[in-house]
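The structure appears below as structure tokens.
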Amino acid sequence: MSATGIGAAVRRKEDIRFVTGNGRYTDDVVRPGETRAVFVRSPHARAKIKKIDVSAAKSMPGVIDVLTGAQLASDQIGNLICGWMIHSKDGSPMKMAPHPALAAETVNHVGDAVAVVIAETQAEGRDAAEKVVVDYEVLPAVTDPAKAKSGPQIHEVASKNTIYEWSLGDEKAVESAFAQAKHVTTLNIVNNRLVPNAIEPRVALAEYDAGTDHLTLWNTSQNPHVARLVIAAFVGIAPEHKLRVIAPDVGGGFGSKIFIYPEEVVCLWASRKVRRPVKWTADRSESFLTDAHGRDHVTKAELALDENGKILGLRARTIANLGAYMSTFSSSVPTYLYATLLSGQYDIPQIYCEVDAVYTNTAPVDAYRGAGRPEAAFVVERLVEVAAREMGIDPADLRRRNFIKNFPHQTPVIMAYDTGDFGASLKKAMEIADVKGFSKRKREAARHGKLRGLGYSAYIEACGIAPSQAVGSLGAGVGLWESAEVRVNPTGSVEVLTGCHAHGQGHETTFAQLVSERLGIPFENVSIVHGDTDIVQFGMGTYGSRSGAVGMSAIVKALDKIEEKAKKVAAYMLEAAEGDIEFKDGQFTVAGTDKSAAFGDVALNAYIAHKFSGQELEPGLKETSFYDPTNFTFPAGCHICEIEIDAETGKSEIVNWTAVDDFGTIINPMIVEGQVHGGIAQGVGQALLEGAVYDSGGQLVTGSFMDYAMPHAHDLPSFKVDTTETKAPSNPLGIKGCGEAGAIASPAAVINAITDALGTEDVAMPATPNTVWSALQHAKPSQAA
Amino acid sequence: MPKVSMTVNGKPVSGDVEARTLLVQFLRENLRLTGTHVGCDTSQCGACVVHVDGIAAKSCTTLALQCEGANITTIEGLAKEDGTLHPMQEAFRENHGLQCGYCTPGMIMAALDIVRRNGNDLDEHTIREQLDGNICRCTGYHNIVKAIAAGAKAMA
């Protein structure tokens, strides 16, 4: 392993600009003549728009125009869409309600935009927005997903506010498994609603060039090409070739910046109307109200086991809240990204899952770090832990009795796991966590009035999103392959244009490590280019832990083609047969001789082209690959949380966190650990601190960092992170991906630890001090062993 | 419109601002120093931290006019003219104390203030407590804590 090759903890190239304040985030971009957009948003969760009077606003200083939903509709701008078709059990398609970028007739959540002020400055825009008078007829709102079906109907297209009633698995077979069970564990689980809250708020900056009838959009997007496609083909603002989308440095995404939102559509439309660039920057309050939220499932889950603790079946019934409108990927999250992981790491013969997705008058809900897999891991790992307690079996032991040991393993829920060693990660995690010493530490803590608990989460997930044919057959509107173009320059440096996007993941470093090692050229000579649809050919972007498994595989395929062509050039240079050329460590050598040419010389010759005629071999050295994965990848592992609770205050302190993950091949262990740390922090946030709460009138009461408890440094410990490795057989590098695993594994580990400490299962997320203290009042804490 | 004058990163600057213009807006929009970021509207996230007369301040909760005659240091003022990074900047890079980079300028400016108030030998508990005014969504803080401890030592 070289100092800058695969497996090396190379320090990041992108850090130089970030630590010096020279990052170029979307709000940093300023266009000549730029105007500011300020949206007028509904204060009601559900209302009819009777009248909008913009006259006072229009005459305010600095105001260029004030535009409404009626104008958007009459300009025939299309609606936003959900791109994944899900069918109900009865075969009917999901009920996708119209979602205009500016509401014209009804508003359906607090924050739903009805008008936009275009002004010279932000302050003038804000002043004018306050002068827009909207006459609303307030309607009763639906806010509780568990009661949505009996509430007033929000959208004409969806009776009982039901988007779909979907299922997966064999219901009858599962019933019979349960009939034979010696023990059944039942849990009612709420997977609490979260706000992603990347620290950079969303921004859209649109500029229209009247001379070429061309629009440019700078946007905080995780996937600029997808944004371009949706805006061109569905919203219809401009044809694809007349729209450029640039996603520069983006300050965190976590899924929330995948989707195509109303604001960028409105900015594009407005910039063409006012003939000046239009910039919108969200403030944090707007982010809370309008960024797609995550999770929000209500589930009844059951596990059937025989007398030896062998799992016979799993059944789950889930209500998934998708909010007021179907966001871009929303339908797939509680279906094919959730139910298909309900086997967990276990050999479960029968699984049945029903999911009802409902509309409510809340912000749209869509993928958020883990997207369906945290929900699944929580269900499985809570069921297994509680079953172990109820049956008096050690929780590690119950897991071992049920681990899948033979691969490939076809689960009853579509996923076929290709490789893994679940026992190895459990074993390693238990050693690092010193599980053996736990009961002693628990007794010691009890002497100081503290309750200690230990919780496991043996998770598995499916990522490396995704094999196109597979997801297409499940309803996805697009393929999920990835593109790479490797451009070798005449002077031997290399640019790699990737369809992925980095918003914290360090691709400029990790992708360069791969290329540098493969071509035998210095790490400094490799540039990674992403984020501009004018420069990079179509790519699907970054989410679903796909950039390693899919993005880097595309680069490998392109590098294969580069090597093949370079060998041809070298053959001419070295006057040898192409078949005799070997390539190693940056040198092309004629086999069995000492005749060689360095990569840089071969690159130059490819462009000078003196040594070969352009008829036999084209000049240049640039290759492209579009790589479609053959399977999902299946990172898996074991997290162990040791928690200490102050019985007087209910405050939980995580005293030890152990993560042992199998990510297959690891390109940069420093970056991978960072991904795990960040994922754990978000999962701990879900378990202990966070929760987006709407009151019964549909007001978001957790609408700022004052009320929504983001994890701070003092809420978290340092983590012990290690790995095991079984390489993914489905891609050339053997990478599984690591971006979401921490967030998937951690909530179950935390709640398992708290419930262990308290001796009661009645602890909901977030397990705030109040929740824990209240549970303690009703329970007897488990005695020290 | 009132005029304000101050020194930013060692250079005298001035501009016309409204009374309600925040320091962060003055820095970003008037001076085009976009390294200082806005991440929230309740002065909790810390992405906007700069130094005003040597002390950390949240520029989103400071009016530009309040800084008349003040000495401001932003993230852009830390590295040397020749590009040599400040030891705290170097420590963040060496310890992977950043991912998306958005909270990073405020984090580094806050870290320098932690050193000013607590010295060069910082323990984990102190750093975590002192970071109450800075939120990071990417890193889980583990490597930020390491970076600040290392940067503090390197500054000694």
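Every chain is numbered from 1 and lettered A, B, ... according to where its sequence line falls, protein lines coming before strand lines.
- Ring orientation note: the planes of H142(B) and F719(A) are close to parallel, at an angle under 30° on the 30°/60° scale.
- Annotation: maximal heavy-atom pairing with chain B below 4.5 Å, among Q505(A), R369(A), M706(A), occurs at M706(A).
- With a threshold of 4.5 angstrom between heavy atoms, I680(A) does not approach chain B through any atom at all.
- Here the straight-line distance linking atom CZ of R11(A) with atom CG of N95(B) works out to 7.0 Å at 0.5 Å rounding.
- The candidate from G506(A), A198(A), S704(A), A123(A) with the greatest count of non-hydrogen atom pairs under 4.5 Å with chain B is A123(A).
- In this structure, E200(A) and C100(B) have side chains that are not in contact, with every pair of non-hydrogen atoms separated by 4.5 Å or more.
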### Query
Checking salt bridge (Lys or Arg N to Asp or Glu O under 4.0 Å) for the pair R137(B)/E690(A): CA distance, chi angles, key distance, verdict?
CA-CA 13 Å; R137(B) 203 42 156 167; E690(A) 299 179 44; 2.8 Å; yes
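- Ionic pairing of R32(B) and D28(A) is not present here: no N-O contact between side-chain nitrogen and carboxylate oxygen is shorter than 4.0 angstrom.
- Each of G685(A), A502(A), G742(A), S285(A) has some count of heavy-atom pairs under 4.5 Å with chain B, and the biggest count is that of S285(A).
- The candidate from V676(A), V684(A), V30(A), D249(A) with the greatest count of non-hydrogen atom pairs under 4.5 Å with chain B is V30(A).
- Between Y102(B) and P201(A) the shortest side-chain heavy-atom distance falls below 4.5 Å.
- In this structure, no portion of F288(A) lies under 4.5 Å from any heavy atom of chain B.
- If you measure heavy-atom distances from H503(A) to chain B, the contacts under 4.5 Å come from the backbone alone.
- Contact annotation: the side chain of L131(B) never approaches that of H712(A) to less than 4.5 Å [non-hydrogen atoms, C-beta and beyond].
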What donor-acceptor contacts under 3.5 angstrom involve side-chain atoms of residues 148-156 of chain B, with partners at least two apart or in another chain?
none

### Task
Would you check, one step at a time, whether the test side-chain contact (heavy atoms from CB on, under 4.5 Å) holds for R12(A) with L98(B)?
CA-CA 10 Å; R12(A) 302 194 328 167; L98(B) 64 146; 3.9 Å; yes
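- With sequence neighbours left out, the salt bridge (charged side-chain N to carboxylate O under 4.0 Å, His left out) criterion links D661(A) to no other residue.
- Heavy-atom distances place the side chain of R28(B), and not its backbone, under 4.5 Å from chain A.
- Residue contact with chain B, scored on non-hydrogen atoms closer than 4.5 Å, involves the backbone of V250(A) exclusively.
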